[in-house]
Amino acid sequence: MNNRIKNSLKWLYPGMKVKRWLLLTPIGLLLLIVGVTLLWNVAVIDYLDNFARFVAIKSDGKVNIAKLKVYLPVSIASIIIGLVLIFVSFRQVIDSITSVVSPTDKYRLAEVIYQHRYLEQGYKVVVIGGGTGLSMLLRGLKHFTSNLSAIVTVTDDGGSSGKLIKQLGILPPGDIRNCVVALASEETLMTELFQYRFESADVGLEGHSFGNLFIAAMTGITGEFEKAIKETSKVLSIRGNVFPSTIEKVRLKGEMEDGEFVIGESNIVKDPRIIKRISLIPDNVKPLQDALDAIKEADAIVMGPGSLYTSILPNLVIEEISNTIYYSNAIKIYVCNVMTQPGETDLFLASDHVKALLNHSGKNIVEYVLMNDGIPSDDLREKYNKIGAELVKPDADRVKELGCIPITADLISQTNVVRHDHEKLAQTIFRLIYDKSFISR
């Protein structure tokens with residue numbers, strides 16, 4: 001109790017810049033009380049009462065009217081001034097505090113509080129995948145709810161992540177970093193810093209992103225990869241949580257159409273042969289318990305978009321994850337890719353993507369399939385055709401035959417690439433969550 005009193009008295013220390021504004025509160029409160037009292041026509045100030053009598057005499061004895069003319073404007077003015085002073089005092093005290101605690105939010109505190117209070121009451125949504133597709137989707141969903149959980153694959157063995165795996169023996173941080181940045185409350189200089197990639201080979205950091213190095217350093221400090229993610233998430237004040245699908249060191253194994261096996265995600269991507277099936281090394285990988293808990297509590301589970309065999313399926317071949325999704329009462333949505341991916345999904349229709357999900361999970365874990373029916377420009381289509389990619393056709397009838405409900409919509413954004421528009425996609429997903437009545441079964 002003594003410590004509380006001492007801490008409270010610190011507000012009165014010189015230089016705190018709050019005392020002057022706190023003084024306005026009792027002044028405003030006094031004016032508010034006077035105004036309310038006058039409004040009820042109780043004469044608490046003698047000179048006003050005398051003035052009312054004088055006006056009454058001059059108005060041929062019309063006392064009530066005179067009092068109305070005197071007390072009403074005075075009381076209303078007093079109430080208004082009192083409320084304004086109280087509001088100003090509170091606002092200035094809050095500004096004084098936030099200018100120290102969070103300077104960037106000083107002029108938008110009301111918006112920040114509203115967003116946090118509103119979004120924290122949103123639906124619980126779990127998104128499963130990896131790569132740029134997952135981070136893109138999270139950028140849209142975070143404007144509807146802060147109860148987001150991203151479950152991210154940890155099989156990436158190329159680029160900066162691959163180097164850190166070999167040098168430090170940690171799990172690949174790249175996809176996780178992208179998700180953390182995507183869920184950041186605001187796109188600030190800090191988020192740009194986390195995405196900054198070193199280009200100079202002179203310092204030995206060529207190809208590394210600052211965010212990957214930060215997570216690696218945090219892993220060394222905390223001693224655990226999942227703790228490093230949580231602490232990194234606090235730095236960027238993210239809306240939601242990011243979980244690796246497992247904290248075991250795993251490798252991706254691809255069985256090709258000719259029966260041969262290829263080990264390692266980067267090797268599978270480079271191999272020109274058709275992928276028949278993927279699995280993890282070692283077998284019987286245990287998922288992160290936080291990821292399973294998030295799935296159990298979810299109102300909606302979204303799989304994709306992203307590379308089918310190297311971003312989405314590596315999560316779903318973990319048996320406990322697939323089983324937990326299957327037994328969940330959440331809405332289960334698969335977001336089909338917009339374009340085929342050379343070397344992974346050549347000539348795939350939407351139904352082929354769904355088949356791969358169902359075959360690898362061993363059960364029907366998909367309820368709705370979101371498919372794009374928007375058409376990119378001829379120039380963009382020609383650009384993609386040159387590298388062997390084409391639009392994924394939304395074959396709704398075949399999707400229905402697989403026991404899923406197809407939903408088609410224009411979901412693409414056309415810039416110099418063809419990809420999902422995060423706003424359109426998030427709106428479609430939440431429309432489905434809010435009200436499923438617009439879907440014809």
Side-chain angles (χ1 to χ4, degrees), residues 127-137 139-140 153 155-159 174-175 178 182 252 254-258 262 264-278 302-316 333-357 359-360 366 369-396 398-399 402 406-425 428:
V127 184
I128 301 174
T132 57
L134 182 59
S135 56
M136 174 280 303
L137 176 57
R139 280 192 172 87
T153 182
T155 58
D156 184 12
D157 60 1
D175 286 350
N178 286 331
L252 197 62
E255 180 184 356
M256 301 308 182
E257 193 177 39
D258 59 7
V262 178
E265 180 181 312
S266 57
N267 293 329
I268 293 172
V269 172
K270 294 175 184 176
D271 198 296
R273 291 173 293 182
I274 296 173
I275 303 170
K276 181 180 179 181
R277 191 172 187 84
I278 64 102
V302 183
M303 293 158 275
S307 299
L308 180 62
Y309 286 100
T310 55
S311 292
I312 301 172
L313 291 178
N315 299 298
L316 301 179
I333 305 167
Y334 171 58
V335 181
C336 188
N337 289 343
V338 173
M339 305 294 294
T340 60
Q341 189 168 353
E344 280 201 42
T345 56
D346 297 280
L347 304 177
F348 266 41
L349 306 175
S351 60
D352 294 317
H353 288 77
V354 178
K355 283 180 185 176
L357 259 71
N359 291 336
H360 279 78
V366 179
V369 179
L370 298 189
M371 302 174 290
N372 169 66
D373 62 5
I375 305 298
S377 66
D378 292 338
D379 291 340
L380 277 175
R381 293 181 69 179
E382 183 178 350
K383 174 183 174 181
Y384 274 85
N385 289 338
K386 287 180 180 178
I387 60 172
E390 58 184 27
L391 276 173
V392 175
K393 295 180 181 178
D395 54 337
R398 293 180 66 181
V399 169
L402 295 172
I407 302 173
T408 56
D410 182 352
L411 300 173
I412 60 172
S413 171
Q414 298 188 49
T415 52
N416 59 332
V417 293
V418 182
R419 61 178 52 166
H420 284 97
D421 183 290
H422 65 271
E423 292 182 0
K424 291 180 182 178
L425 185 55
T428 303

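From a predicted model like this one, the values you see are computed outputs, not experimental measurements.
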(message) Nearest 0.5 angstrom please: Met339 CE to Arg381 CZ, how far?
(response) 8.0 Å
(request) State the CG-CD1 distance between Asp373 and Ile375, to the nearest 0.5 angstrom. (result) 7.5 Å
(message) To the nearest 0.5 Å, what is the distance between CG on Asn178 and CG on Asp175?
(response) 6.0 Å
(message) Taking the side chain as everything from C-beta on, heavy atoms only, tell me whether Leu134 gets closer than 4.5 Å to Ile312.
(response) no
(message) Within the 4.5 Å heavy-atom criterion, are Asp410 and Asn372 side-chain neighbours or not?
(response) yes
(message) Tell me if a side-chain donor or acceptor on Asn337 pairs with a main-chain N or O of Gly306 at a distance below 3.5 Å.
(response) yes
(request) Measure the shortest side-chain to side-chain distance between Pro406 and Met371 over non-hydrogen atoms and say whether it is less than 4.5 angstrom. (result) yes
(message) To check you understand the geometry: which heavy-atom pair defines the closest contact between Arg398 and Leu349, and what is its length?
(response) NH1-CD1, 3.3 Å
(request) Please check if the side chain of His360 supplies one atom and the backbone of Leu316 the other of a donor-acceptor pair under 3.5 Å. (result) no
(message) Does any part of the side chain of Glu265, heavy atoms only, come nearer than 4.5 Å to the side chain of Thr155, both counted from C-beta?
(response) yes
(message) Looking at Asp258, I'd like to know if its CG atom is crowded, meaning that more than 12 non-hydrogen atoms belonging to other residues, nucleotides or ligands lie closer than 6.0 Å.
(response) yes
(message) Could you check whether any side-chain heavy atom of His420 comes within less than 4.5 Å of a side-chain heavy atom of Leu137, counting everything from C-beta outward?
(response) no
(request) Locate the shortest heavy-atom distance separating Tyr384 from Val418; write the atom from each residue and the value. (result) OH-N, 2.9 Å
(message) Using a strict threshold of under 4.0 Å (side-chain N to carboxylate O), is an ion pair present between Lys393 and Asp395?
(response) no
(request) Check whether any side-chain heavy atom of Gln341 sits under 4.5 Å from a side-chain heavy atom of Leu308, and report yes or no. (result) no
(message) Which heavy atom of Val302 sits nearest to which heavy atom of Gly304, and what is that distance?
(response) CG1-O, 3.8 Å
(message) Are Leu370 and Leu425 packed together at the side-chain level, in the sense that at least one heavy-atom pair is separated by less than 4.5 angstrom?
(response) yes
(message) Name the residue from Val335, Ile407, Val399 that meets the side chain to side chain contact (heavy atoms under 4.5 Å, CB included) definition with Val369.
(response) Val399
(request) State the CD1-CD distance between Ile268 and Glu255, to the nearest 0.5 angstrom. (result) 11.0 Å
(message) To the nearest 0.5 Å, what is the distance between CD on Glu390 and CG on Asp346?
(response) 8.5 Å
(request) For residues Met256 and Val262, report the shortest heavy-atom separation together with the two atoms involved. (result) CE-CG2, 3.6 Å
(request) Quick one: pull up CZ in Phe348 and NE2 in His353 and give me the separation to the nearest 0.5 Å. (result) 6.5 Å
(request) Using a 4.5 Å cut-off on heavy atoms from C-beta on, say whether the side chain of Val338 contacts that of Val392. (result) no
(request) Verify, without hydrogens or angle tests, whether Glu344 (side chain) and Tyr309 (backbone) share a donor-acceptor contact under 3.5 angstrom. (result) yes
(request) For Thr310 and Thr153, work out which heavy atoms get closest and say how close. (result) O-CG2, 4.0 Å
(message) Tell me the closest heavy-atom pair linking Ile412 and Pro376, and the distance in Å.
(response) CD1-N, 3.8 Å
